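Contents: one structure, followed by commentary.
Since we're looking at a predicted model, the values are computed, not measured. In each ligand, atom 1 is the first atom listed, and ligand 1 is the first ligand listed.
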Amino acid sequence: MSNRPYIVGNWKMNGIRAMLAEARAIERGAGRYPEVQVGLAPPFTLVQAMAEQVGALETGGQDCHVAVKGAHTGDISAAMLADAGAHFVIVGHSERRRDHGETDGLVKAKAEAALAAGLGVIICVGETLEERDAGRAEAVVQGQVAGSLPDLADEGQAAKVAVAYEPVWAIGTGRVAAVDDVVAMHGAIGKTLAGALGEAGPSVRILYGGSVNADNARDLLAAEGVDGALVGGASLTAESFLAIVAAAAAVREG
Ligand SMILES: O=C[C@H](O)COP(=O)(O)O
């Protein structure tokens with residue numbers, strides 16, 4: 001596992017070309033923290049421009065189709081993302097599982113398509129509030145990880161995979177998960193990864209996502225088993241996102 005913290009902004013369905021100025025500001029600011037790996041996932045319409053204009057950051061897609069090409073109106077393949085200059089793609093975000101009925105099996109196929117295209121992949125998992133209240137959070141998330149994890153062509157591919165634990169009830173709500181719960185869940189995810197991948201398991205990074213902001217980032221990123229963060233709302237401005245990048249750097253420096 002790389003000990004370089006991995007901070008990724010997911011712009012979701014936000015951002016027109018004018019927002020590239022914000023991305024450039026993030027790039028400039030992130031240059032002060034080379035010890036932090038920083039990525040931004042804009043809407044598809046901005047992927048190529050961001051990859052071309054903001055080359056010091058990693059650019060990512062927010063989804064991909066399982067096929068390389070074909071009759072799938074409105075979809076984008078992992079190969080197309082790679083061709084546009086992307087470095088990684090997010091798959092299985094809870095908003096896609098919710099809005100598009102994506103299953104673990106589909107997410108797994110998308111993750112495999114991403115790796116086949118040479119992209120890194122961030123696989124999102126997370127329980128609903130009902131599942132947590134029912135005491136099923138760990139079982140649900142471990143099942144999602146086991147079902148969504150790609151079959152690896154070789155063990156080295158594990159370093160291109162990250163799992164983002166994003167409790168659904170913490171996304172965009174301002175209600176962040178308790179650090180103890182994050183530690184417990186990341187530990188459970190780590191066990192599932194070890195069971196599925198053996199010695200390659202620890203090479204898969206585990207990120208936390210859900211209402212991460214400048215105020216809570218340091219505590220979350222310092223927590224055991226947290227290798228980085230997947231940030232939604234707070235990634236939309238350079239000021240709020242760079243504060244999280246700075247927190248990651250401060251944690252790494254100890
Ligand atoms: O992909 C990002 C997550 O859904 C977190 O979003 P949020 O930081 O707005 O809660």
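Atom CZ of Phe88 and atom OG1 of Thr59 lie 7.5 Å apart (nearest 0.5 Å).
Ionic pairing of Glu35 and Arg252 is not present here: no N-O contact between side-chain nitrogen and carboxylate oxygen is shorter than 4.0 angstrom.
The hydrophobic cluster of Met13 has no other members, since no ILVMFWY side-chain heavy atom comes under 4.5 Å of it.
Using a 4.0 Å heavy-atom criterion, the residues that approach ligand 1 are Asn10, Lys12, His93, Glu166, Ala170, Ile171, Gly172, Gly210, Ser211, Leu230, Val231, Gly232, Gly233.
Between His186 and Tyr165, the angle of the ring planes goes over 60°, which puts this pair in the perpendicular group of the 30/60° scheme.
Each of Ile171, Asp63, Ile122 was scored for a side chain to side chain contact (heavy atoms under 4.5 Å, CB included) with His93, with one residue passing: Ile171.
Distance alone, capped at 3.5 Å, places no donor-acceptor pair between the His65 side chain and the Ser77 backbone.
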